[in-house]
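Comments concern the structure below.
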Amino acid sequence: QVQLVESGGGLVQAGDSLRLSCAASGRTFSSYAMGWFRQAPGKEREAVAAMSWTATNTYYADSVKGRFTISRDNAKKTVYLQMNSLKPEDTAVYYCARRAGGLYSSSWHLGDNYDYWGQGTQVTVSS
């Protein structure tokens with residue numbers, strides 16, 4: 001059984017930074033691509049970033065490019081999301097998820113292609 005546990009969320013001001021962590025259980029973490037998603041109140045879930053299991057391929061939503069960075073430490077079975085220059089519109093619950101299968105530029109953003117999800121961590125950015 002795979003469990004994903006996010007942490008690092010909180011209340012910050014616009015322009016601040018946060019680093020989210022997602023700790024995974026299970027022995028095969030390093031073999032899977034991982035992604036971050038978010039969902040704001042009243043809005044659909046959206047993909048934020050994803051990284052292949054080798055960390056050689058990364059993808060970002062246009063809204064976070066240049067501000068957010070996804071990374072992973074396979075030895076610690078942890079994936080991170082460094083969020084800089086936060087904006088009020090970044091306010092959402094952030095989820096990490098494990099990708100089922102390969103990571104491709106055409107489909108990295110599709111939530112249906114992720115098989116395990118964490119419980120989420122709240123990020124609130126005040127103006």
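Bear in mind that the values here come from a model prediction, so they are computed numbers and not experimental data.
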Check your understanding: Which distance, rounded to the nearest 0.5 Å, do you find between the CZ of Arg72 and the OG of Ser52?
Key -> 7.5 Å
Check your understanding: Is a side-chain donor-acceptor pair under 3.5 Å present for Thr124 with Gln122?
Key -> yes
**Study point:** salt bridge (Lys or Arg N to Asp or Glu O under 4.0 Å) contacts touching residues 92-109 (sequence neighbours left out)
**Key:** Arg98-Asp115
Review point. Is there a donor-acceptor pair under 3.5 Å between the side chain of Asn74 and the backbone N or O of Lys77?
Key: no
Study note, to complete from the structure: Gly120 and Val93 have their tightest heavy-atom pair at CA-CG1, 3.8 Å
Practice item. Using a strict cut-off of less than 4.0 Å between a Lys/Arg side-chain nitrogen and an Asp/Glu carboxylate oxygen, indicate whether Asp90 and Lys87 qualify as a salt bridge. Key: no
Exercise for review: Any chance you could measure Tyr95, atom OH, to Trp117, atom CH2, to the nearest 0.5 Å?
Suggested key: 9.0 Å
Practice item. Quick one: do Tyr59 and Ser105 satisfy side chain to side chain contact (heavy atoms under 4.5 Å, CB included)? Show the steps, please. Key: CA-CA 7 Å; Tyr59 302 99; Ser105 60; 3.5 Å; yes
Review point. Under a single-linkage rule joining Ile, Leu, Val, Met, Phe, Trp and Tyr whose side-chain heavy atoms are separated by less than 4.5 Å, which residues share a cluster with Tyr94?
Key: Val2, Leu4, Val12, Leu18, Leu20, Phe29, Met34, Trp36, Val48, Met51, Tyr60, Val64, Phe68, Ile70, Val79, Leu81, Met83, Leu86, Tyr116, Val123, Val125
**Study point:** Aromatic contact, Phe37 with Tyr114 (centres under 6.0 Å)
**Key:** yes
Study note, to complete from the structure: Taken to the nearest 0.5 Å, the spacing of Tyr80 OH from Cys22 SG works out to 10.5 Å
Review point. Do you know which two heavy atoms are closest between Ser127 and Ala14, and how far apart they sit?
Key: CA-CB, 4.4 Å
Practice item. Report yes if the side chains of Gln82 and Ser17 come closer than 4.5 Å at any heavy-atom pair, otherwise no. Key: yes
Practice item. Begin from the C-alpha positions of Glu6 and Ser21 and carry the test side chain to side chain contact (heavy atoms under 4.5 Å, CB included) through to its verdict. Key: CA-CA 5 Å; Glu6 301 96 336; Ser21 299; over 6 Å; no
Exercise for review: Could you list all the salt bridge (Lys or Arg N to Asp or Glu O under 4.0 Å) pairs where at least one residue sits in residues 40-56, not counting sequence neighbours?
Suggested key: Arg38-Glu46
Point to revise | Heavy-atom pair of closest approach, residues Ala47 and Ala61 | key: O-CB, 3.4 Å
